[in-house]
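Below: the structure, in structure tokens.
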Amino acid sequence: MSRLAAEHNAINLSQGFPDFEGHPELMKLVYGYMKKGFNQYSPMAGAIPLREAIAAKTEEEYGGIYHPDTEITVTAGATQAIFTALAAFVQEDDEVIVFEPAYDCYAPAIELCGGKTLFVPLTFPGYRIDWDQVKKLVNHRTRMIIINTPHNPSGSVMDAQDMSMLQKITSGTDILILSDEVYEHIIFDGIRHESVIRYPALAERSFVVSSFGKTYHATGWKTGYVVAPANLMAEFRKVHQFNVFAVNTPVQLGIAEFMKRKEHYRELGTFYQEKRDKFISLIRRSRFNFEPALGTYFQLLGYENMTSEKDADFAIRLTREFRIASIPVSVFYHTPQDNHMLRFCFAKKDETLEAAARILNTV
């Protein structure tokens, strides 16, 4: 869709990253470490100052205690962290439960490891988990359950009851949890992010994945991290050592120092909620229907009252004829499920959102 948007000079709200720069002080810090000569390999698990900063933040924000030496690893983005956790534990014929619509790296990574993906559709509308259906799928071959909250592409958020159900289902089993929490700070309307770290019985069996790219508006730096108990992290690092080894050193050191500015990530929800509210306010007179996203920087828009076209066809036509690009939600299902929904990214400058709204109001 980004390629099609470029071909037609369309406003690109399909791309899942900001069109504005990160904090200038962070840029200055990274460049400063480059100038100081910190341009060689960092330790395999990550620069020590960054792992220490992550440990302090994780305890302060979620009450979870992770040792920087043995339980925190810096990764080349969240997708690498997800792949590495799967590769470390999923073997042939193991089953992994995935909720869909789902971020598109989960199932391919499972298949590459020889595992089998069991898909559980989120209820529509609302995109909630049907835990009764999950219970029916759990068996002796279930190796892992992947959760994603706040959720891409729907913008839904798991709550404390969801965590309670997940804890009950996995209690007394060897099932691992891979918790994709890359939008942990992009959550709205006073909702608390229910990280699995807050729940000791879940944390002891979980890999929790985070993204500096999402938090600091720098997705191109491809820097994230994963926390997990030492016994799980030891296996994770056996794979990490040979598929990445080490991550960009000056970026790690710059982020470690910038993390002292706690107000940045603590104010991120407010920052993006203002953008969400601006976007949906601008399109209220359009023919699209929607429920405001509860998290992430994506907003789903429904068009079932506008046309009977498949979402992929409609998204292409919007790009070509109206010059605005989105993502059809059906592509986030293993077998396309078309609920006439399109995903739009609102992590954009105000002028971009205003120009996009002018178009959407004419469709």
Side-chain angles (χ1 to χ4, degrees), residues 13-23 26 54 57-58 60-62 77-79 81-82 99 101-105 122 126-127 146-160 162-163 179-198 208-227 255 258-259 261-281 290-301 326-327 329 332 343-350 352-353 356:
L13 299 193
S14 68
Q15 56 186 9
F17 54 85
D19 68 348
F20 48 84
E21 292 297 324
H23 199 288
L26 176 56
I54 292 167
K57 176 201 164 186
T58 303
E60 190 169 352
E61 295 297 315
Y62 305 126
T79 301
I82 291 165
F99 302 99
Y103 181 55
D104 58 8
C105 84
L122 299 175
Y127 296 97
I146 301 179
I147 63 172
N148 174 210
T149 183
H151 180 258
N152 175 21
S154 74
S156 64
V157 173
M158 293 175 68
D159 59 24
D162 289 314
M163 293 300 165
S179 188
D180 180 351
E181 302 183 17
V182 298
Y183 298 100
E184 61 186 312
H185 300 299
I186 308 177
I187 193 165
F188 313 133
D189 302 326
I191 298 173
R192 188 178 83 156
H193 172 53
E194 297 296 338
S195 172
V196 298
I197 297 170
R198 298 185 188 275
V208 183
V209 177
S210 296
S211 167
F212 290 121
K214 302 293 191 300
T215 299
Y216 294 124
H217 317 310
T219 60
W221 288 359
K222 291 299 295 177
T223 308
Y225 64 93
V226 59
V227 302
I255 290 174
F258 192 73
M259 284 180 72
R261 303 178 62 129
K262 301 174 186 177
E263 69 275 8
H264 175 87
Y265 54 79
R266 288 177 175 169
E267 294 172 357
L268 200 61
T270 299
F271 173 80
Y272 275 119
Q273 182 170 334
E274 289 175 356
K275 289 192 173 294
R276 179 204 68 175
D277 291 349
K278 181 179 183 68
F279 181 56
I280 61 179
S281 175
F290 55 85
E291 290 295 327
L294 298 179
T296 76
Y297 44 51
F298 302 113
Q299 176 64 52
L300 296 191
L301 301 183
S326 60
I327 296 290
V329 175
F332 293 95
R343 191 197 76 175
F344 293 82
C345 177
F346 56 80
K348 308 298 175 185
K349 300 173 185 175
D350 285 354
T352 304
L353 297 177

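This is a predicted model, so every value here is computed, not measured. Atom set for the values below is all heavy atoms of this structure, side chains included, hydrogens, waters and symmetry mates excluded.
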Close side-chain approach of [X] and [Y], heavy atoms under 4.5 Å:
X    : Y    : result
R266 : E61  : yes
Q299 : L13  : no
T79  : Y103 : yes

Determine the sole option in H23, H185, H264 for which the ring pair (Phe, Tyr, Trp, His ring centres under 6.0 Å) test with H217 is passed. H264
Can you name the residues that form a side-chain contact (heavy atoms from CB on, under 4.5 Å) with F17, not counting sequence neighbours? Q15, T219
Under the rule for side-chain contact (heavy atoms from CB on, under 4.5 Å), what residues qualify as partners of K349, not counting sequence neighbours? D19, F20, E351, T352
H151/F298 aromatic ring centres below 6.0 Å: no
For Y127 and F99, I'd like to know if the aromatic rings sit close, meaning centre-to-centre distance below 6.0 Å.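 No, ring centres 6.0 Å or more apart.
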Do you know which two heavy atoms are closest between [X] and [Y], and how far apart they sit?
X    : Y    : result
N152 : N148 : N-OD1, 3.0 Å
L300 : P153 : CD2-O, 3.4 Å
S195 : V208 : OG-CG1, 4.4 Å
G295 : V157 : N-CG2, 4.0 Å

Test L26 against W221 for side-chain contact (heavy atoms from CB on, under 4.5 Å), laying out the working first. CA-CA 12 Å; L26 176 56; W221 288 359; 3.7 Å; yes
Can you check side-chain contact (heavy atoms from CB on, under 4.5 Å) on T149 and M163, steps first, answer last? CA-CA 11 Å; T149 183; M163 293 300 165; 4.3 Å; yes
Would you say [X]'s side chain and [Y]'s backbone share a donor-acceptor pair under 3.5 angstrom?
X    : Y    : answer
D277 : E274 : no
R343 : S154 : no
R198 : H193 : yes

Side-chain donor-acceptor distances from residues 209-216 under 3.5 Å, at least two apart:
residue: S210; atom: OG; partner: E184; partner atom: OE2; Å: 3.0
residue: S211; atom: OG; partner: G213; partner atom: N; Å: 3.2
residue: S211; atom: OG; partner: K214; partner atom: N; Å: 3.0
residue: T215; atom: OG1; partner: S211; partner atom: O; Å: 3.2

Under 6.0 Å from the CD atom of E21, do we count more than 12 heavy atoms belonging to anything else shown? no
Look up atom CG in L294 and atom CG in D189, then write down how far apart they are to the nearest 0.5 Å. 6.0 Å
So how far is it from I255 CD1 to T223 OG1, rounded to the nearest 0.5 Å?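 Reported value, rounded in 0.5 Å steps: 5.0 Å.
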Can you label the angle between the [X] ring and the [Y] ring as parallel, tilted or perpendicular, going by 30° and 60°?
X    : Y    : value
F344 : F279 : tilted
F188 : F346 : tilted
Y297 : Y183 : perpendicular

Using the side-chain contact (heavy atoms from CB on, under 4.5 Å) rule, take I147 and M158 through it: C-alpha gap first, then chi angles, then the decisive distance, then the call. CA-CA 9 Å; I147 63 172; M158 293 175 68; 3.9 Å; yes
As a quick check of understanding, evaluate salt bridge (charged side-chain N to carboxylate O under 4.0 Å, His left out) for D350 and K275, giving each step before the final call. CA-CA 8 Å; D350 285 354; K275 289 192 173 294; 3.4 Å; yes
